[in-house]
Amino acid sequence: MSSPAVIPRALGAANGSVLATRFGYSSLERQRQRLPVFKYRDAILYLVENHATTIIVGETGSGKTTQIPQYLKEAGWAEGGRVIACTQPRRLAVQSVASRVAEEMGVKIGEEVGYTIRFEDQTNPGFSRNYSVIMVDEAHERSISTDMLLGLLKKIQRRRPELRLIISSATIEAKSMSNFFQNRCFVGAIGPKWGLVVAHRIELIYEKDGNETFDQLLILVKEVLEDGSLSIGSHGSKPFGQVEGVVKVRPFGISGGPESMTLGKKVLEHFAMDSVPNQLPAIVSVEGKGYTVDIYYVEEPVSDYLQTTVDTVLLINEKESPGDILVFLTGQDDIDAAVKLLTDATHDDKKRSSGLLILPLFSGLSRVDQDLVFAPTPRGKRKVVISTNIAETSLTLEGVVYVVDSGFSKQRFYNPVSDIESLVVAPISKASARQRAGRAGRVRPGKCFRFTIYLAKKLDFLVFSVGSAVLSSLISFIYCGIFSGRIQGTRLYTEDYFLKEMAADGIPEMQRSNLVSCVIQLKALGIDNILGFDWLASPPPEAMVRALEVLYSLSIVDDDVKLTSPIGYQIAEVPMDPMVSKMVLSACDLGCSEEMTTIAASLSVQSIWVSGRGAQKASDEVKLRFAAAEGDHITFLNVYKGFINSGKSSQWCYKNYVNYHAMKKVVDVKEQLCRLLRRFGLALKSCEQDTQAFHFSVHFVLSHVDGSACAALGLPCSCFILRKAIIAGFFANSCYMEVCLQATSTLFSFIIEHLFATSYFSNLIFSCRNTATMDCTRQLEVLKKYTFILPLYCSGSSLASQIKVNPKWVVYHSLVSTDKHYMRNVIAIDPSWLIEAAPHFYQTRSPNLALY
DNA sequence: AGGGTTTTTT
């Protein structure tokens, strides 16, 4: 069972002529030859020919991404209907790499060179994915998808020895990457003394009596070759020792007796596998095209990093030759503050700040403002771009000569015990610092000014010795408690920190995230032993167990942890969070899929609103026109309807503080979802006519007034069916809104969280608003079977908190955890719906104060 | 009565 479908964004190149005859060919060809990677052409081809895996260590600008696929093609790897693939972590890169390669080859996109990204398959219609070489680019970024892909490819490689892998990675990781792909595959027959047989490519050790005959062993090997579901692991992965008592794996190198060696060799000969490539990965290093960047550190710790940033920018402007400045800070707050400080400085100190063009950059910025950043710097001006880590990899600015690096970024951490993801300001790794500095050397030699924060010793330990699951979950606690919000009053410092204390690499995303989607994807690929999957870096076992628990509670997996049919299999195919998918499928049952696909699509974009900063009041007022008393999900329906009625007008969006690009994506995602549902044979139905759905209110498009009026009656107004369908996916995110616990301190909330978390209470959430004090348990009628008290706050962006609806019970879509836990996208519910939707999760109980 | 989201992606 090979799984080409999981390989994202394939850049395929098929048969055909390589050379273009049109004018301009020779200059293109000369350009290609000037790229640093050209010198390594023959070496790379030789290594790929002879090694199963080749690791290319290359800095940016070496040309490896566009050139290597072409070299392979020229060497015949695309012949006989075979395909060379290159994967990229970002859509934009896929398109630009593909079009560059097509241009250089003189062909049209979609013919010999194609690409696939979501909503866009630019490959030949007859194209079959028979890969000869797969190049995984930017593997050092260690995104969840890359890590999964690498694990899967390793598995596939065992059964397809002719498949070649190329992994492009940054220096630091090359070694561990090489170890990972060192397929010490072996045939082994295990006797009472654990004697092993032979080397090479088939990894199989049977613990029988060790007296198998050649014929018996042949049968065993055949089974392994044919039965992909057999669990096989690498040495050191303990869980494998317990797999059904069939397959056991022991480290290679425990020597087998001479007879077993002979036996193994005979097996290999039988399968004629001697021409298989060397399993030891090859490593090539390719230099980049970047210019040198001198690094400067602060000598003494300083007290305010924003002020220091501003001072540094002014100093560069005063003393250094022309060239743009790129500043790395952590988030919009910091960036806004720094922009303001700098702007103030331009008024106060005209001399030092003359010619400065100060621009913020972060992903939430409107398209117009982002374009400003990419516009060429006017003559006599110096651009200062103050950015999040979006400028680290995702966007490239030309003309930057100076980089100012705060040494921090916001990073996601996940606590599998409380099931909460937090966004936390944390120190970056050396790899990131190097990447940031490199941004200064694209046009000419540059300079990088580094600031790094001083951490208390105790934290250093936790931060830098991550790896164990316990520590990584602890980190999210500690970070959240201490480094919340703006960093201020902290000390910045020195080279010593960079050299001695900064972590070499970041923590892979896999170890900092909720794994529900990842686990269901693996399940869908037939990988049942999730805990034993061969990861490049294993996620915390708690996170995997938690993911399985969530899938189980949603009836996506059954008692045997197998995907349920049809719902589990269907959900695995929906490209969304399983809780969202469950909600959509339930909507099909309940007859409101038309509306629910809109809601699901709206939830899948970052925000359908444009950030109203600067015009908060005005934008709030406008947004209220869409507000539904039932909650944010229903509000989305109103916005969507408005957008469609306007003819998908960007003007309409502008006037209503709605994000035009987000809405276009909503339309695309909705379309994709509907196609998928139709393929499942599920009907698209609207609940608009459903009388029960609109028991109290005639129409679901509620104006502000209607909503308030209903709320005044204490009635969540309508959309019962929709809300019940939402609950089918999100019942676990219920919350009782209570006025209690005066301004619960962050510290206090973490103590509570920690207390409950450590005693393995299931996640559960009860909430408060931070006003008057009151016994928060008194009114509880429904308790989750395991109760976990956690103060939650309604996000200010939630319209439910703006119109004066105060529902008792709500279900939220997600938590944003910064200094506090904020619920994003909330709907009002009736608690009895929870018991109805998830009797396995909730039970009715009389208030029991003794519990606390 | 009150306030936020680093970044990707199927």
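Within every chain, numbering begins at 1; the chains are lettered A, B, ... in the order of the sequence lines, protein sequences first and strands thereafter. Computed from a prediction, not measured in an experiment: that's the story for all the values here.
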It should be established whether [X] places a side-chain nitrogen or oxygen under 4.0 Å from OP1 or OP2 of nucleotide [N].
X	N	result
A:Arg412	B:dT8	no
A:Ser363	B:dT7	yes
A:Ser409	B:dT7	no

- request: Would you kindly compare A:Ser517 and A:Gly331 by the position of their nearest DNA chain B nucleotide and give the one closer to the 5′ end?
  value: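 The answer here is A:Gly331.
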Given DNA chain B, 5'-ward residue of the pair A:Ser604 and A:Arg512, judged by closest heavy atom: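 Going by which nucleotide is closer to the 5' end, it is A:Arg512.
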field: A:Val373: which of A:Leu395, A:Leu326, A:Leu359, A:Ile386 passes side chain to side chain contact (heavy atoms under 4.5 Å, CB included)
entry: A:Leu359
task: Among A:Asp668, A:Val669, A:Leu673, find the one that has a side chain to side chain contact (heavy atoms under 4.5 Å, CB included) with A:Ser604.
output: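 Passing option: A:Val669.
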Starting at atom [atom1] of [X], determine the distance to atom [atom2] of [N], rounded to an integer number of angstrom.
X	N	atom1	atom2	answer
A:Leu522	B:dT10	CG	C1'	14 Å
A:Ile335	B:dG4	CD1	C1'	14 Å
A:Glu120	B:dT10	CD	P	11 Å
A:Gln88	B:dT9	CD	P	11 Å
A:His661	B:dT8	NE2	C1'	18 Å
A:Met510	B:dT9	CE	P	17 Å
A:Met148	B:dT9	CE	P	17 Å
A:Tyr115	B:dT10	OH	P	12 Å

query: side-chain contact (heavy atoms from CB on, under 4.5 Å) with A:Glu120: which residues, sequence neighbours excluded?
result: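 If we apply the side-chain contact (heavy atoms from CB on, under 4.5 Å) test to A:Glu120, skipping adjacent residues, the hits are A:Gln95, A:Tyr115, A:Ile117, A:Gln122.
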task: Can you sort out the partners of A:Ser96 under side-chain contact (heavy atoms from CB on, under 4.5 Å), two or more places apart, ordered by chain and number?
output: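 If we apply the side-chain contact (heavy atoms from CB on, under 4.5 Å) test to A:Ser96, skipping adjacent residues, there are no hits.
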message: Does either side chain, that of A:Thr146 or that of A:Glu138, offer a donor lying less than 3.5 Å from an acceptor on the other one?
response: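 Result is no, nothing qualifies.
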- request: May I ask you to say what A:Glu141 touches in the nucleic acid, namely base, sugar-phosphate or nothing, with a heavy-atom cut-off under 4.0 Å?
  value: nothing
message: Classify A:Ser394 by what it touches in the nucleic acid, base, sugar-phosphate, or nothing, heavy-atom distance under 4.0 Å.
response: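 Since only primed, P, OP1 and OP2 atoms lie under 4.0 Å of A:Ser394, the category is sugar-phosphate.
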task: Counting heavy atoms from C-beta on, name the nucleotide in B:dT6, B:dT7, B:dT10 closest to the side chain of A:Arg118.
output: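 Side chain of A:Arg118 sits closest to B:dT10.
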Among B:dT6, B:dT10, B:dT7, the one nearest A:Ile390 by side-chain distance: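 Looking only at side-chain atoms, A:Ile390 lies closest to B:dT7.
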